[in-house]
Amino acid sequence: MSTGFFGDIQKIKYEGPDSTNPLAFRFYNPDEIVAGKRMEDHLRFAVAYWHSFAWEGSDPFGGRTFDRPWYGDEMSKAKLKADVAFEMFSLLGAPFYCFHDADARPEGKNFAESTKNLNEIVDYLGEKQQQTGVKLLWGTANLFSNRRFMAGASTNPDPDVFAYSAATIKTCMDATMKLGGDNYVLWGGREGYETLLNTDLKRELDQMARMLHLVVEYKHKIGFKGTILVEPKPQEPTKHQYDYDVATVYGFLKKYGLENEVKMNIEQGHAILAGHTFEHELALASALGIFGSIDMNRNDYQSGWDTDQFPNNVPEMALAYYQVLLAGGFTTGGTNFDSKLRRQSIDPADLLIGHIGGMDCCARGLKAAAKMVEDGALSKPLSERYSKWDSPEYQKMLRGEYKLDDIAGWVEKQDINPQPKSGRQEYLENVVNRYV
Ligand SMILES: [Mn+2]
C-alpha cells in the first residue's frame, strides 16, 4: 500500500545514455556485467536515512524548508517515515540503506524509553526489509545531535556521557545485528575539541580508544560477522576532530592495538575537507589494509565546509572507483549516499532525481575505471616506472640484505649515476580523459 508521497512515479528504469527522461537511469544498469560482476554487486548502493528523511532543510540562518508529512515525535510518524523511505528505496532499486538510531525513532524521556522506541521501530524496519528485499548496509548511533553530547560522546569530560554513549552504541549494535547489517559505523561526530584551553587531549584519546575496544569486544561477544568501520573527518562540527583522516586514524588504531579489527568508511567530502583527494584516502586505506566502505557525496570546492552534495563529477568518480577496483572491490562495504538535497529542492521528485544522478555518475565512473583496469591504461606505465626495482640487486636492497655502507661501496664500484626520467603526468591525465 503506497503512501502516495511520490505521486504516480513508477519504479526508475534504465533507459540508456540517449534518454532525456529525468526519472530514468542513463548509465546505472544493475544487471550489466562490468569486470566480471553485476554493476549492482560492484556498487552496492545505499540510501542514507538521515539526509533524505530526517534532515528538514535547515541551515545556520534558517530552519525547515521541507514540508514532509512524517515530521513530528510520535511513533506513528516514525512508521510513516519508514514507509516512505522504503518506497523510495524500491523506486530507485537501491539494494541497501543506512541509518542512525535518532533518524528512525522518536527520542524518549530517558535511555530506557529511547531504547524501547528503537526496538519498536527496528521490528518495523525488519518487516519492511522482508517485504521489499532491501537490506541494511550499516547501522550507527547518533552521538552528536542531542545537547548531552555537546562536548563529545566517548571523549566527553563527564563520564556519565561516556557511559550513556556506550549504552546507546550497545542498543544500536543490537539493532544492526537484528536487521542483518553488513557493517557497524562509528563517526566521530563531536569527538574532537573547540579549544585546547579546556581539553585534555591525551585523556580524551584514551577514552575514545576504550570505547572502540568495548565495541570490538561486544561485536565478538554477540557474534556480529560484519565489519566495524570508523569514518574520518578533520573538522566540523568541532574545530579539530580526532579522526582527522585515514593516516591519523591508522596511527590511532596502531597505538591502541585495533588495526586488525577496524576498517575505514571514507567520505569524499571529508577527504576534501582534510586537504586530500578522495582517491588519496582510498589508496592509502587500501595500502594500509583498512579499506572498508564509501560515503559518496561531493563538497562545494569554494565554500570550505561539508556540503554533502550528490556526486556529479564523473572524472572524480572514475578515479575513486579505480582505487576501489585496485583494492579488490567492496566486501562488506558499499556506496552509501551521504548526500542531501539543496534546501530549495523541496519537491518529492527532487529526492529521486538527486539519487538517480548520483547513481548514474557512479556507474559511469565505475565503467570508466573498469576499462582502465582492463586495458592496463594506467597500470602498465606505472609498473614500467618502477621496473628497475625488479633487478636482483635492488630486490636484495629492498629486503635489507645490504647495509648502508654496503650500498655506498656498491654505488661507487658500479659507478651508479642516476638519469632523470619524465613522470609523464600530462600524458597520464590525457589517458584518463580518454576513458571518461
Ligand atoms: Mn559529510
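When a ligand or atom number is given, it counts from 1 through the structure's own listing order. FYI, side chains are in, hydrogens and waters are out, and symmetry mates aren't considered; it's all heavy atoms of this structure. Since the model is a prediction, treat every value here as computed from it, not as a measurement.
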Go through I169 and L143 one step at a time and tell me if the side chain to side chain contact (heavy atoms under 4.5 Å, CB included) criterion holds. CA-CA 9 Å; I169 290 173; L143 303 175; 3.8 Å; yes

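D338 lies apart from the Mn ion (ligand 1) in this respect, since none of its N, O or S atoms is found at a distance under 2.8 Å. Within the 2.8 Å limit, D308 places at least one N, O or S atom next to the Mn ion (ligand 1).
Taking the Mn ion (ligand 1) as the corner point, the angle from E267 atom OE2 to H270 atom NE2 is about 80° (rounded to 10 degrees).
For the residue pair Y71 and E56, no side-chain donor N or O sits within less than 3.5 Å of a side-chain acceptor on the partner.
Ring pair F310/H355: centre-to-centre distance below 6.0 Å.
Counting just the N/O/S atoms of D306, the one with the shortest distance to the Mn ion (ligand 1) is named OD2.
Checking Y97, Y28, F96, F89 one by one against F45, the side-chain contact (heavy atoms from CB on, under 4.5 Å) holds for a single residue, Y28.
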